[in-house]
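Shown next, in structure tokens, is the structure this report addresses.
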Amino acid sequence: MSDFEFEDAELINGFREESLEHIEVVETKLLDLESGGVNPSDINEIFRSIHTIKGGSGFLGFEAVKELSHGMESLLDMIRNGKRELTSEAADVLLRGSDLLKAMMNDLAGQDDIPIKEELHILDQLIKGEPVGEVPVQAAVDSEPEPAPAASAAVSSGGPQPLITKEELESYQNKGFNVYRLPFVKDGHQDKKLKKNFDTFQAYLNSFGCLAWEDGHLEDTVTAEADIVFATVLDADFASASLKVSSDNLTKMSRDDCAQLYAEPVVVEAPKPELPPAAKEATPPTAAAPADVKPAPAGAKAPAAPPPPRKKSSAAGAAPTTTATIRVSTALLNKLMNLAGELILSRNQLVQKLDNKDLPELQSLNQRLSELQESVMQTRLQQVGAVFNKVPRMVRDLSRSLGKKIEVELEGVDVELDRTIIDSITDPLTHLVRNSIDHGIEMPNERMNAGKSSHGTLSLTAYHEGGQVNLEIRDDGKGINPEILKVKAVEKGLCSQSEIESMGKREALNLIFKPGFSTAQEITDISGRGVGMDVVKTSFERLGGTVDLNSDVGLGTTILVKLPTTLAIVSAVIVESEGNDFAIPQTNIEEIVRLKENEITSKLERVGHYEIYRLRGKLLPVIRMADILDLKRTFTDRNGKIRTDRRDNLADRRSGEKVSRAEQARRSGEDRRLDAGKTQYIVVLRVGVNQYGLLVDKINDVEEVVVKPLSSFIKDIKCFHGTTILGDGRVIMIMDCNGISTMANLKFDTLQDITDSDNLHSHAEHHESQSFLIFNNNPEEAFALPLSFITRIEKVELSDIEKMGDEELIQIGGKNVPLFRLEKRIQCKEGVINEDGQFYLLIPNMVRSPYAIVATRVQDVVSTTVDVQTNVMKQDGVLGTSIINDKLTLMLDIYGLFGEKRHTDFMKRDTSHKILLAEDTPFFRTMIRAYLEEHQLEVLEAVNGQEAWNLLEEGNEVDLVLSDIEMPVMNGYELVHKIKTSEKYHHLPVMAITALDNPQAMAEGKTAGFDAYQVKLDRNELIKTIDELLSYAAHHAK
Amino acid sequence: MEKQFMTFSLADGIYGINILGIREINYTNRFTPVPLSKEHIMGLLNLRGQIVTIWDTGVPLGYANRDITDETSLLVMKTNAELSAVARKNGIETHATQVGLLVDQIGDVISCDESDIAPVPAHAEAQVAKFLIGVVRQDDTLVGIVNVPELLKYE
């Protein structure tokens, strides 16, 4: 070991970092060569890397490093000159050599203690061309390979002694234990107290940790020193105190270092045809008795020599090729990133102050800034290959130890992600890969029995999609059975029996992400102790990503991870709810749907607990932003200020309880928003593979915002991803779309199942309300017409009226439309037009000839449940009266108004006929009933198809059925089908009345079985057709 | 050793905080409430580009939410990293992040000796006592000296 001055520390650091980079290159290239065949340029590169390390180590006086790298260099030299072949033993030892070099780099002070003798020996043998196999150190004869993972067979004194298995040590590390390597001076330690011999010492150590490994000298009476490796929860200070060593002597071991401890001496490869017969004889008993021995972990090769895993990389190549680079500290890069972000904010504020003027200087500033921001972001981008490239090595080692054959395919290694994201995904990705190897891919014979190839394939793919980066980990192993997961979940108390019964396949598969879950038949130490998958999921979610798992039993498993490309600056849409602004990252937004005033009640349907919107045939669960955030209801007071609506529910006042809005609404069962007269928006969000909608009041701008992390006091609130400062200086919250769906407890699977069974109830059913237009002809009288009857409202002047004889006409849309004055038709006061000569025309639809109704004042649009008194004030054109807005209002009948002359020559009825009317809208029901009754027809009402059917079944005798098409529970098509296919009722004439007036709908109606099809609502036609049908039926009955 | 405290009132109580931990006093009330946050978190404030979390100082000390008046003031605390050497030497600690303490009314700065700080009286509620370092008598009132880092651990 060399002594160094303080100033040299930087030199050493530089050497270490460079060497580590070189070692990475060596490792990757070696694996490439193993699978792809010897390639001179690759060999050269490896050679150069090792050569550089050797040179540097020699210069700095790191003897052990120099010795090992020298050995490797010599072998490599011979290989590149063609004098030696890159056999798999050679690759093996070179790989292990680079592991050791890595270990040494991480512990330059203790490099001498890292055992390299075995590797040196093998290198020597390979260089000399000797058969590899006789390792003199090995006491090959007497040691029986122990099936249990204990000290490997080869070890005797002088060799390293692991005292616990590699997996056990790893599990300590997983639990957060610190692993230290320290020199154990026998005299020093054993002097104290009872630590007279090794056993008591070991017991002492194990009382606050675990003695994991010792370098073989511990029991020696010859050497007075040994190196031990110790795992403990204590941190360095405490540990050094308890172990009675100075903290300088304590070296913290990384995972690689620990793995290195178990790099075992070469045990002969399973019989390979090329091996000279001499070597075969020399093989230790391991090869001889494969049947008795369970393959020792990290040890003997499986009976059938597994071919090394092949790695297919994309064209860009496996490792990031060395280009002109410069080393920059990440702290500096982060600072640059922050500054760029702040610059953007300042620019936004400047733009605001300048009132968005289009200055050319501003334009160029904008452009430069955007470029700067992009470039800075690029510096933080790293290829995902940095993580992917570790996988082949891991797979190779693991698969060998398990005796499985696995091929690795990598695609998209040059896809770039923010550095911080790359750092954070290494661990969870590793876990997922290990899972695949451990539990996914089956043993070769299992695979063959199942008719698969003996090689399993593990593929990792990275690609861009929709502003995010997708990582796919796919294996063609045995898959995961959702049923088993369900059972396990109940067993572990994670779910109730009833919950799992309603679970779809997707949801059941995602049970694996629940904390406390593990289905490994044998809980191996390699992976899956139930601590894994939920941690994996939260790791990805914390980065703003999602994880989804899909699997088919017998075929394999696919895990899809979606990650945002960058963390810091996002484009966000600013939305408003109850007067509060929020930012939603644009990458999550699929589209925005506008809901007009009355569509909110009609288009939001209810399914179980959810509200649903039908988006082009697809069912979208909708969450109301104000409810999920429990926003206080606001209203604008007299002075124009927004104030909180503090009116409570009566129930709350009584109990004194603080009740959230959502809870309030649930209790009252009411629609929480009575002002259906507001336009609202549904922001359709994508979360992983699912979508849902967020109902907000307004959509404002799109802004580029700098994401500031949530402060520690609010970071637990799931629905927020971060905060930001808008251009005008306000702080607003940035939503976390994942978090929102979690908070709302959206279960996409169950949703799909429920709606598949077609169990939808229209929201409108709860209300039975309709929109009416309230207007005046005269200030003293109010009239009401259903809004759906009115196409348009035009504002006109007196001077626009043209007279033609007796008629008043007005030009609308190039046509001359006659004016209709209410007082000419019905009994009411005369119309009084304002002084300014302005008035309104209501253009109705659904009438034969166009007319324009004069209205002197349009009051309001009211959504209300209709309660029409039909007996009072009845006349042609007036259905009846109703109290709307506390005023007596005349409900107009549009058909009556336009006085298509009443046909009086209707069928004379001697017997009173009974009509079964199925119509869900109360207004129409009332209106049609009125017509029918006028013509001496008795009416039996039903609100939907089901009720109509029930009425029939109850024994009600009817002569004709009149049915709407669009109805909840059972629609018109279903009703007519039921009637026409039933024995009892098929003789009944069934007529459809509906608003659907296109030929296709009519044709559909006819095929469904309707005898006649009427569009709402031609009164005369209606009665005429009824009469026809009735007489036809009567005729046939005879 | 002489210590100086900024005094303020919360409803009918008087409290004090060591001035070494205070960065500035502000009178703004234009902050953004955070939906679903706990009762004592009033919201977030943009202070010259930095986002400060605003606490209702009264809540951990047992007071219910009070209305914001014209007198309401904000004590913006320094972050731990911003504390001066003197402050650190005096054992002052605040929080790793930007925090502002909202109080009902700002009072005067009082000086007193360390020995003047008496332990919290036994009849004080334990819940509140744990947020106070001690009490100081000022004229005929008791000023509760607030233990800021402890207070900021309130959940």
Bottom line for B:Ile41: the part with an atom under 4.5 Å from chain A's heavy atoms is side chain

Applying side chain to side chain contact (heavy atoms under 4.5 Å, CB included) to A:Val573 and not counting sequence neighbours gives A:Val575, A:Gln586, A:Ile589, A:Ile699, A:Val702

Query raised in the report: Does a side-chain heavy-atom distance below 4.5 Å link A:Val731 with B:Leu45?
Result: no

Between A:Phe713 and B:Leu152 the two heavy atoms that sit nearest each other are CE2-O, 3.5 Å

Shortest non-hydrogen pair, B:Val34 vs A:Ile717, comes out as CG1-CD1, 4.0 Å

Return one line per donor-acceptor pair between chain A and chain B under 3.5 Å, naming both atoms and the distance rounded to 0.1 Å.
from: A:Ser711; atom 1: OG; to: B:Thr53; atom 2: OG1; distance (Å): 3.1
from: A:Gly729; atom 1: O; to: B:Asn46; atom 2: ND2; distance (Å): 2.9
from: A:Val731; atom 1: O; to: B:Thr32; atom 2: OG1; distance (Å): 2.5

